[in-house]
Amino acid sequence: MDKSKFLSRIDLFQKLSTEELMQIEPIAPMNTIKKGTIIASPQHGGKLLYLVKSGMVRLYKLSEGGKELTVDLLRVGHIFGEIGSFTISSENMYAEAWEDCVICTINKPQFEQLMREKPELALHFIEIISTRLKEVEEMMEHMAYGSVRKRLLYLLHKLSEKFGSGFSMGENEDTDRKWIELEVKLTHQELASMMGSIRETVTEQLTELAAEGIVSKEGQRKPLRVHPERLKMAWDACR
DNA sequence: ACATTAAAGGGGT
DNA sequence: ACCCCTTTAATGT
């Protein structure tokens, strides 16, 4: 089994609450980052903690062949980076501005002072790390042994939890209300990179799922929609 | 890997 | 603002 598949995961980080953000923001320099900019990389090594204030950040690793493995997509309130031995993500991680972003940075002295002044925050950081561990284990379990279809179903489920929004197509509320729209711009390539598969396979599988009424899309570069109930049925059916 | 198609961008009117 | 053309990115096989 390809080792990189084990690294795929989603929703790694728990968000900070708005109150906690208020506590941190005053001491953290804020930067506007343009879409596509690399915010942090293994080379930087600049021991900083980053906090997403707006926009979306993509975390990824590079595999041997230089292929990108998307590890997570972060939004407002998510944190990433490392300071000294305090590491929120694994090492060798790249962070890219997926959209135009506003990012706050915290250095080690600031971070340590903050932890002393606000023990609740320190506790929350511990929770975040624990949650991450749990998520990693759960994702490993699902990505390690399942078929591509099963992994894709699971990924779609996680994505709809994280990015899903209620959605209605029109008059027929009873059936239409059941669709969830994923509020992220995800290409087949992206999905593949999150589940340790290849683009072609994802395309193929998505076409199947669309035929089964589990997913739908209006067109290229349009948001993907999933039908949670049918998704669950399909999931139950393939074990 | 190649072919197709849809969408974004740029220039001119 | 609108139309048309070029270019690029996404998808399909």
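Note that these values count all heavy atoms, side chains included, but never hydrogens, waters or copies made by symmetry. The sequence lines fix the lettering, A, B, ..., with proteins before strands; numbering per chain opens at 1.
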Those residues at least two apart in sequence (or on a different chain) that pass side chain to side chain donor-acceptor pair (under 3.5 Å) with A:R75 are none
Partner set under side chain to side chain donor-acceptor pair (under 3.5 Å) for A:Q205, not counting sequence neighbours = none
Excluding sequence neighbours, so at least two apart, what forms side chain to side chain donor-acceptor pair (under 3.5 Å) with A:N92?
-> none
Can you pull the contact range of chain A along DNA chain B, 5' to 3', using atoms under 4.0 angstrom from its heavy atoms?
-> B:dA1 to B:dA8
Members sharing A:L62's hydrophobic cluster, built from side-chain contacts under 4.5 Å between Ile, Leu, Val, Met, Phe, Trp and Tyr, are A:I38, A:Y60, A:Y94
Those residues that, when tested against A:E212, pass side chain to side chain donor-acceptor pair (under 3.5 Å) (two or more places apart) | A:R149
With a 4.0 angstrom cut-off to heavy atoms of chain A, pull out the first and last contacting nucleotide of DNA chain C, in 5'-to-3' order.
-> C:dA9 to C:dT13
Output all residues satisfying ring-ring contact (aromatic ring centres under 6.0 Å, His included) with A:H142, sequence neighbours left out; order by chain, then residue number.
-> A:Y154, A:W235
For A:K222, the side chain to side chain contact (heavy atoms under 4.5 Å, CB included) test, sequence neighbours excluded, returns A:K217, A:E218
Just by distance, with hydrogens left out, do A:S41 and A:Q43 show a side-chain donor and acceptor under 3.5 Å apart?
-> yes
Residue met sooner reading DNA chain C from 5', once A:R221 and A:E200 are mapped to nucleotides | A:R221
